[in-house]
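The structure presented is a predicted model; accordingly, all values stated were derived computationally and were not measured.
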Amino acid sequence: MGSAFPTRLSFMRVLTRRLFADNAEVTCPIWELNDEGYGRAVYSIRLGGNTYSLVVFSTELEPGKRSDRVIAEAWDASFVLFDGMPSNEDMHRLEANVPKQEAGRFEASELVLSRANKSVRLFAHVVDRLSTGQQPDGDMIGTTGYLMRTTAVYGNGKLGIADRRVIADRPELAGPFQAEMLTVWLIRGFTHDLVEHNAKIRNREKYTPLAYAVKKNLGIGNSTGLGMAPFLIKHALLLNNWVTAREVALARVRAVGRADNSAIDRIKQLIVRARQHVEQWNVEDQRQMDRIRILRAELREVELLVTPGWLEQPEPWDRLINTSQRWSLECQELIVALVLEPYGELIDDLSEQMVDTSGLRLDPAMTVGELNGLLKEHYKWALDINFNQPGAEKYFWYTSLEKLEPRLGVRGKDPGDECEMPLDIARLVGALYQAAGRVEPEQSLAMFLTRHPQYRSLVRRVQASKHHSYSEICDNLIGADCMPLDILRFKLSFFGASKCDPKSNLWTRINMYQGAPLFEEIVNGDSDDWWLPVLRLQP
């Protein structure tokens with residue numbers, strides 16, 4: 001999980017393909033920013049027969065208040081994805097509430113709430129350069145890669161905005177996180193427009209807009225912390241459906257008997273691109289940087305191995321996946337994403353199966369004996385953990401009262417373990433197994449749960465494992481070896497984010513939509529070719 005890479009099934013890629021299919025055009029009906037770039041703007045897009053509007057509020061932020069932490073109370077810009085086109089009355093209401101974020105009041109017309117801070121040094125540099133008729137320094141663009149980074153992108157009913165059910169039956173937003181991905185893509189376009197606006201105001205005579213190559217390489221940064229990690233633990237069926245779609249896609253590609261010339265040529269091009277992308281991926285975290293250096297060397301081996309003659313032999317992708325086991329997990333995971341890339345017609349339909357419309361269901365007629373059978377078959381990994389060993393219960397998950405965000409505490413050191421969240425699945429499974437072992441195997445779960453109601457949610461999870469092989473993260477999530485960062489990278493790879501930049505074991509920075517189609521490219525043709533983008537600043 002901690003070595004995952006984005007694929008063509010990632011949610012950003014799914015969205016941009018939808019944008020192309022709808023020939024979606026972005027308009028800017030409101031642009032009311034002053035000479036300093038402060039004010040409000042609206043970007044609207046027609047998608048799937050519905051209009052969605054990104055409402056932007058750009059405000060002056062004192063340097064001392066700039067923070068990427070979720071506990072911040074002020075930001076350079078705040079955003080809301082509005083369902084429809086906001087009226088003047090809506091704009092006044094939103095202007096009074098959106099900049100407050102958690103402290104604001106919202107309605108069902110608000111689909112997504114977000115905020116972002118400038119990458120101050122790069123933003124100022126780009127303004128300076130464009131205002132004097134020059135393009136930004138390539139090294140600075142490559143090092144940072146974004147003008148702003150979001151510190152939260154809230155959807156699905158949080159803070160009083162629209163519940164998921166409001167948009168769940170709309171095909172254009174029915175997939176996982178499509179409303180959030182649309183919001184971030186629109187925010188990226190705003191950051192391009194904002195930096196050009198500030199530069200043009202500064203010097204209209206010498207001003208030049210961002211070059212196409214620079215613009216393409218400026219994505220949206222994001223700071224992602226522990227708040228995201230519990231999602232995959234809580235949403236077991238979603239986790240299963242995401243992984244199943246990827247595994248089915250891989251199985252389909254591995255079953256290809258012969259690769260045609262177009263697929264062989266494409267793979268060769270993508271290997272070169274992947275190697276260049278990884279060469280441009282540098283982080284301060286020593287653990288991840290060591291893995292990147294190993295990956296760089298291994299990709300050179302891959303490039304030498306995968307000749308046209310090697311790929312022309314039967315079952316090339318199955319052989320490549322099998323051969324990849326000699327390399328690191330980073331390389332293995334990258335190769336999985338690589339071989340999927342040329343086969344959109346074969347696998348893109350799987351993106352429609354990555355949602356969960358049912359949730360976990362309880363089968364009360366199942367017997368305790370049948371439940372024990374599932375525990376032994378699917379949860380042996382949990383039953384084998386000895387929680388009496390030192391460090392096996394080092395951490396506990398809890399919810400911060402201040403921001404209602406998940407946190408990880410050290411048991412016996414940090415206060416709050418009495419409010420522990422039930423994310424210790426392995427330990428809970430052991431307790432369930434012991435409790436179930438004390439009753440007759442023929443007893444129904446309906447009877448068992450009337451006496452042990454605390455296990456109701458856990459029993460649903462165990463029952464789901466019967467038909468959902470990928471519904472559980474098979475690890476001790478409260479043990480000393482727990483790495484929440486691995487869960488974060490895994491989820492972010494499904495979003496489509498690249499260049500994971502760990503800042504600790506608990507949070508990371510990423511780049512979203514780097515290399516993705518620009519507003520103007522959506523109506524000018526299909527450009528779904530932006531997997532693992534490479535910085536190229538030639539005109």
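Aromatic ring orientation, F177 versus W242: perpendicular (interplanar angle above 60°, classes split at 30° and 60°).
Under a 4.0 Å N-O distance rule, the pair R8/D528 qualifies as a salt bridge. Checked for salt-bridge contact, R326 and E301 miss the test: no charged N lies under 4.0 Å from a carboxylate O. Using a 4.0 Å cut-off between a side-chain N of Lys or Arg and a carboxylate O of Asp or Glu, R293 and D290 qualify as a salt bridge.
Checking side-chain atoms of T27 against main-chain N and O of P29 turns up no donor-acceptor pair under 3.5 Å. Without hydrogens or angle criteria, D285 side chain to K503 main chain gives no donor-acceptor distance under 3.5 Å. Put simply, the side chain of R319 gets close to the backbone of P314: a donor and an acceptor are under 3.5 Å apart. The backbone N or O of N50 sits nowhere less than 3.5 Å from a side-chain atom of R170 that would complete a donor-acceptor pair. Remark: side-chain polar atoms of N198 are not paired, donor with acceptor, to backbone N or O of V127 under 3.5 angstrom. A side-chain donor-acceptor contact under 3.5 Å links Q101 to the backbone of S114. A distance-only check finds no donor-acceptor pair linking the side chain of T144 to the backbone of I141 [under 3.5 Å]. Listed for the S53 side chain is a donor-acceptor partner under 3.5 Å among the backbone atoms of G84. With H125 contributing its side chain and M140 its backbone, the two residues share no donor-acceptor pair below 3.5 Å. With R296 contributing its side chain and V278 its backbone, the two residues share a donor-acceptor pair below 3.5 Å.
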Passes side-chain hydrogen bond (donor to acceptor under 3.5 Å, both in side chains), N322 versus R254? Steps please. CA-CA 10 Å; N322 288 331; R254 293 180 73 169; 3.0 Å; yes
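The CD1 atom of I478 lies 11.5 Å from the OH atom of Y395; values are rounded to the nearest 0.5 Å. Note that CZ of F11 and CG of L492 are 11.0 Å apart. Values are rounded to the nearest 0.5 Å. Between atom CG of residue L15 and atom CZ of residue R18 there is a gap of 9.5 Å, rounded to the nearest 0.5 Å. Remark: N240 CG to E472 CD distance equals 10.5 Å, nearest 0.5 Å. Rounding to the nearest 0.5 angstrom, the gap separating the CE atom in M483 from the CG atom in L488 is 10.0 Å.
Contact record, V429 with A382: CG1-CB, 4.1 Å, taken as the closest heavy-atom pair. Heavy-atom minimum distance, L122 versus G145: CD2-N, 4.3 Å. Across all non-hydrogen atoms, the minimal contact from P517 to T16 is CD-CG2, 4.2 Å. In terms of heavy atoms, P484 sits closest to C482 at CD-O, 3.4 Å.
Here ring-ring contact (aromatic ring centres under 6.0 Å, His included) pairs that include residues 276-314, with residues two or more places apart or in two chains, number zero.
Listed by chain and number, the residues in a ring pair (Phe, Tyr, Trp, His ring centres under 6.0 Å) with H235 are F231 (sequence neighbours excluded). Every residue meeting the side-chain contact (heavy atoms from CB on, under 4.5 Å) condition with Q353, not counting sequence neighbours, appears here in chain and number order: D349, L350. Legend: residues meeting side-chain contact (heavy atoms from CB on, under 4.5 Å) with A116, ordered by chain and number and at least two apart, are F79, M148, T150. Legend: residues meeting side-chain contact (heavy atoms from CB on, under 4.5 Å) with I271, ordered by chain and number and at least two apart, are I267, V302, E303, V306, L338. Scored by the side-chain contact (heavy atoms from CB on, under 4.5 Å) test, S3 finds R291, L329, E330, E333 as partners (sequence neighbours excluded).
The 12-atom threshold is not exceeded at CZ of R121, counting heavy atoms of other residues, nucleotides or ligands nearer than 6.0 Å. More than 12 heavy atoms of other shown residues, nucleotides or ligands fall within 6.0 angstrom of atom CG in D169. For Q134, the CD atom counts as densely surrounded, since its 6.0 Å shell holds more than 12 non-hydrogen atoms of other residues, nucleotides or ligands. By the neighbour-count criterion of 12 heavy atoms within 6.0 Å, atom NZ of K215 is densely surrounded, having more than that number from other residues, nucleotides or ligands.
Using a 3.5 Å distance cut-off with no hydrogens or angles, the side chains of E520 and Y212 do not pair a donor with an acceptor.
Note that R46 lies outside the cation-pi zone of Y52, set by a 6.0 Å cut-off to the ring centre and a 45° limit from the axis.
You'll find the side chain of V195 stays beyond 4.5 Å of the side chain of L218, heavy atoms only.
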